[in-house]
Amino acid sequence: MSLKLYNTMTRQKEQFQPRESKKVAMYVCGPTTYNYFHAGNGRMFVVFDMIRRYLMYKGYEVRYVQNFTDVDDKIIQRGNVEGMEPLALGQKYIEEYFKDALALNLLPATVHPKATEHIPEMIEIIQGLINTGLGYEVEGDVYFAVDHFPDYGKLSGRTLEDMKAGARVEVDERKHYPMDFALWKKAKPGEPAWESPWGLGRPGWHIECTAMSLKYLGAGFDIHGGGEDLAFPHHENEIAQTEGYLKGQTFARYWMHNAFLTINQEKMSKSLGNFFTVRELLVNYPGEVIRFYLLGTHYRSPLDFNDQNLVMAQKGLERLQTSVRLAQEAIERVGSLNNEQSQAELLKAASDAREAFEKAMDDDFNSALAYAALFELAKTMNGYVQEHPASSEGLVQAQKTLIELGEVLGLDLLHPANIQVENEEMMTQIMDAVLQIRSRSRQKKDWEMADFIRDVMKEKGILIEDTPQGARWQIKK
RNA sequence: GGCGGCAUAGCCAAGUGGUAAGGCAGAGGUCUGCAAAACCUCUAUUCCUCAGUUCAAAUCUGAGUGCCGCCUCCA
């Protein structure tokens, strides 16, 4: 099966053809580290992590680079508010990033380069652009001359004329052309600054991605990703400066952009103030639920954020987890059953699910459609366990498939987050005792006591369920 | 003003020419001391509106309505 993906550059789905046959080089624009990242940022990270995992599943060796913008205007501003050195603040939120990333089950990037550690590389590129006439210096600032780059606007589908007509920006008189953007910014007193041929200053926003992607992936790498709002101006400017610097070589082969997370149908953004940080959400929802919810809609469609949707996601995810658990209980039970017909049914269900899953994911990473394959498989497994409460090779294979496909989406169906316990052995022993006591009550038909025990445990967040094979328990908040 | 996107059941959401996936919620049933979970059955003659193309349209075309995004830092 061949993989198709939507390329923003051509505005259509294309056959994916990497630079090297079994390797994929991808660059995803990482966070500016002046705060915890919000749910909208989270969507982007989860989406590209899912894309990466699927590419790995397809057998590609993926080199994944995600930067940290750890110096910029907002970091400086926020540093003043928090009373921290801007660079220390940037470092702090880099550390916080990894905590939330872990909760969302994001794989660490192959390389997580920081802007502040690549200043010399950026200066070299800026110098190169000045030498070829694409960059010019004015009083310690350096700008990129967009009208000297003929392809300017090719990613976002606009022309310089369009932009001039709709310009809502105050024009800096020192720029040669209104749309020219900063490659290097002169430092004001007290700001973090680095030595350069143009005096003390710091890099413009776009240049870091050029420097770091070229350094770690080389020209013409495969996938460059980010949120929809980065297409213009960020990625457009990256293309201009990079392809200008490379004298026309292609910067990246495929451009992918995810749609926004919205609140009340409006974009979630830091400047509108209508955002939730992932850190805040984790108080009420496990990271896996947030992740499951984020992948329940195709990545190029807007996704509205609210509690109701998260609760629905939680229920859906629990259904898959329950199915894996029921299968696990049957597998662990003594006595294996080998009914040929149901064997065949399960094996077929597993291979059907895999096929449907791959078909969905091959079509521009349609994770929402892929979910359907997981639910279908879960249903068949549940039906089997219902009829035959014993293990079988078919069930083992089906469960294995469900877990594996879940893992491709970054979901650990075998180990739900809500049943992680600190002292598992102790917990198990205590619960064994509780269930023994309750079992005694039930044998005596002392339903009042049996129900009382169940109610008390439920209050403590432990759910007790009776089955023909005895009672079981699980943690459920 | 320029450019782009979206509109599918109570809710979420797939589906881009062949007769509406999946999830949540709801109804009935099986199982059960009860509960929970699970299983079975049911729940959109219809895809914002109108017109057109076609043997055939949620899917293509045109017009309209509504919502959203980018054009300024934003994932």
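Fair warning: this is a prediction, and the values are worked out from it, not measured in the lab. Every heavy atom of this structure was used, including side-chain atoms; hydrogens, water molecules and symmetry mates were not.
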| query | Within this structure, what is the CG-to-P distance between N264(A) and rC6(B), rounded to whole angstrom? | reply | 22 Å

| Centroid-to-centroid, F276(A) to H38(A), below 6.0 Å? | no

| Those residues that, when tested against N284(A), pass side chain to side chain contact (heavy atoms under 4.5 Å, CB included) (two or more places apart) | none

| message | Ring centres under 6.0 Å, that's the criterion: do Y143(A) and F181(A) meet it? | response | no

| message | At 4.0 Å (heavy atoms only), tell me whether A259(A) reaches a base, stays on the sugar-phosphate, or touches nothing. | response | base

| Does rU54(B) have a Watson-Crick or wobble partner in any strand here, with both distances under 3.5 angstrom, and which is it? | none

| task | Please examine the side chains of F37(A) and Y93(A), heavy atoms only from C-beta on, and report whether any two atoms are closer than 4.5 Å. | result | no

| rU16(B) - base-pair partner by Watson-Crick or wobble geometry, distances under 3.5 Å | none

| request: Take atom P in rU41(B) and the same atom in rG22(B), then report the distance between them in whole Å. | output: 11 Å

| Within the structure shown, what part of the strands sits under 4.0 Å from K445(A) by heavy-atom distance: base, sugar-phosphate, or nothing? | nothing

| said: Using the C1' atom as the point on both nucleotides, what is the distance between rA14(B) and rA44(B), in whole Å? | reply: 15 Å

| rA38(B) pairs with which nucleotide, Watson-Crick or G-U wobble, both distances below 3.5 Å? | rU30(B)

| Which is true for L261(A) with a 4.0 Å heavy-atom rule: it touches a base, it touches only sugar-phosphate, or it touches nothing? | base

| query | Do H235(A) and H257(A) make the cut of ring centroids closer than 6.0 angstrom? | reply | yes

| query | Given atom CG of D364(A) and atom C1' of rU16(B), what is their separation to the nearest angstrom? | reply | 14 Å

| Closest nucleotide of RNA chain B for E465(A) versus for D72(A): which of these residues is on the 5' side? | E465(A)

| Integer angstrom distance from the P of rA63(B) to that of rG4(B) | 14 Å

| said: Let me spell it out: for each of N382(A) and G30(A), pick the nucleotide of RNA chain B with the closest heavy atom. Which residue's pick is nearer the 5' end? | reply: N382(A)

| message | Would you measure the distance from the P atom in rU19(B) across to the matching atom in rA57(B) and give it in whole Å? | response | 12 Å

| request: Check the surroundings of atom CD in Q15(A): do more than 12 heavy atoms from other residues, nucleotides or ligands lie under 6.0 Å from it? | output: yes

| note | Of the listed rA36(B), rG69(B), rG23(B), the closest approach to the L463(A) side chain comes from rA36(B)

| field | rG2(B) versus rU49(B) - spacing of their C1' atoms, nearest Å | value | 27 Å

| message | Under 4.0 Å, heavy atoms only, any strand: does R43(A) hit a base, just the sugar-phosphate, or nothing? | response | nothing

Distances under 3.5 Å between nitrogen or oxygen atoms of protein and nucleotides 47-49 of chain B:
none

| message | Between the side chains of D466(A) and R438(A), is the shortest nitrogen-to-carboxylate-oxygen separation below 4.0 Å, so that they form an ion pair? | response | yes

| note | Applying the 3.5 Å cut-off to both distances, the Watson-Crick or G-U partner of rU49(B) turns out to be rA63(B)

| Quick one: NZ on K379(A) to CG on L320(A), what's the gap to the nearest 0.5 Å? | 12.5 Å

| With a non-hydrogen cut-off below 4.0 angstrom, is F260(A) in contact with a base, only sugar-phosphate, or nothing? | base

| request: For E376(A), answer base if it contacts any base atom (sugar-phosphate contacts may also be present), sugar-phosphate if it contacts only those atoms, and nothing otherwise; contact means non-hydrogen atoms under 4.0 Å. | output: sugar-phosphate

| field | rA36(B) phosphate, OP1 or OP2, under 4.0 Å from W473(A) side-chain N/O | value | no

| How many Å lie between CD1 on I75(A) and P on rC73(B), as a whole number? | 16 Å

Might you list the N or O atoms of the protein lying below 3.5 Å from N or O atoms in nucleotides 10-13 of chain B, with each pair's distance?
unit_1	atom_1	unit_2	atom_2	d
rC11(B)	O2'	Q308(A)	OE1	3.4
rC11(B)	O2'	Q308(A)	NE2	3.2

| message | With a 3.5 Å limit on both atom pairs, tell me what rG10(B) is paired to, counting Watson-Crick and G-U wobble, or say none. | response | rC24(B)

| said: Measuring from the side chain of R319(A) (C-beta onward, heavy atoms only), which nucleotide among rA35(B), rC39(B), rG22(B) has the closest atom? | reply: rC39(B)

| task | Indicate the atoms forming the closest heavy-atom contact of R53(A) with V408(A), along with that distance. | result | CB-O, 3.2 Å

| query | Below 4.0 angstrom from OP1 or OP2 of rA75(B), is there any side-chain N or O of N41(A)? | reply | yes

| request: Determine: side-chain N/O of K270(A) to OP1/OP2 of rA75(B), distance under 4.0 Å, yes or no. | output: yes

| query | Below 4.0 angstrom, N of the basic side chain to O of the carboxylate: do D73(A) and R202(A) qualify? | reply | yes

| request: For G40(A), answer base if it contacts any base atom (sugar-phosphate contacts may also be present), sugar-phosphate if it contacts only those atoms, and nothing otherwise; contact means non-hydrogen atoms under 4.0 Å. | output: base

| Taking CD1 from I464(A) and C1' from rA37(B), how many angstroms apart are they, rounded to a whole number? | 14 Å

| task | Could you let me know what rA44(B) is paired to, Watson-Crick or G-U wobble, both distances under 3.5 Å, or none if it's on its own? | result | none

| task | Measure the distance from CG on L272(A) to C1' on rC73(B) and round it to the nearest whole Å. | result | 12 Å

| field | Rounded distance in Å - CZ (R300(A)) to P (rC6(B)) | value | 8 Å

| message | Distance alone, cut at 3.5 Å: any donor-acceptor contact between the side chains of T210(A) and E238(A)? | response | no

| query | N258(A) has an atom CG; how far is it from atom C1' of rG69(B), in whole Å? | reply | 13 Å

| message | Surrounding NZ of K186(A) (heavy atoms of other residues, nucleotides or ligands, distance under 6.0 Å), is the total greater than 12? | response | no

| Pairing of D151(A) and K154(A) as salt bridge, 4.0 angstrom limit | yes

| request: Decide whether T33(A) and D70(A) meet the rule of one side-chain donor and one side-chain acceptor closer than 3.5 Å. | output: no

| field | C1'-based separation of rG64(B) from rC70(B) [nearest Å] | value | 24 Å

| said: Between rC48(B) and rC42(B), how many Å separate the two C1' atoms, rounded to a whole number? | reply: 28 Å

| task | Can you tell me the distance, in whole Å, between the CG atom of L155(A) and the C1' atom of rC70(B)? | result | 12 Å

| remark: When both distances are under 3.5 Å in a Watson-Crick or G-U wobble arrangement, the nucleotide paired with rG1(B) is rC71(B)

| message | Output one letter per nucleotide in nucleotides 25-33 of chain B: B when a protein non-hydrogen atom lies under 4.0 Å from the base, S when only the sugar-phosphate is that close, - when neither is. | response | S-------B

| query | With K74(A), which residues qualify under side-chain hydrogen bond (donor to acceptor under 3.5 Å, both in side chains), at least two apart? | reply | none

| Spacing of the P atoms in rC24(B) and rC31(B) (rounded, Å) | 23 Å

| said: Centroid separation under 6.0 Å, is that true for the rings of Y54(A) and Y57(A)? | reply: yes

| Is there a residue in residues 399-413 of chain A whose heavy atoms reach under 4.0 Å of RNA chain B, and which residues are they? | none

| field | Proximity of Y97(A) and F68(A) rings by center, below 6.0 Å | value | yes

| message | Tell me if the NZ atom of K4(A) is crowded by more than 12 foreign heavy atoms within 6.0 Å. | response | no

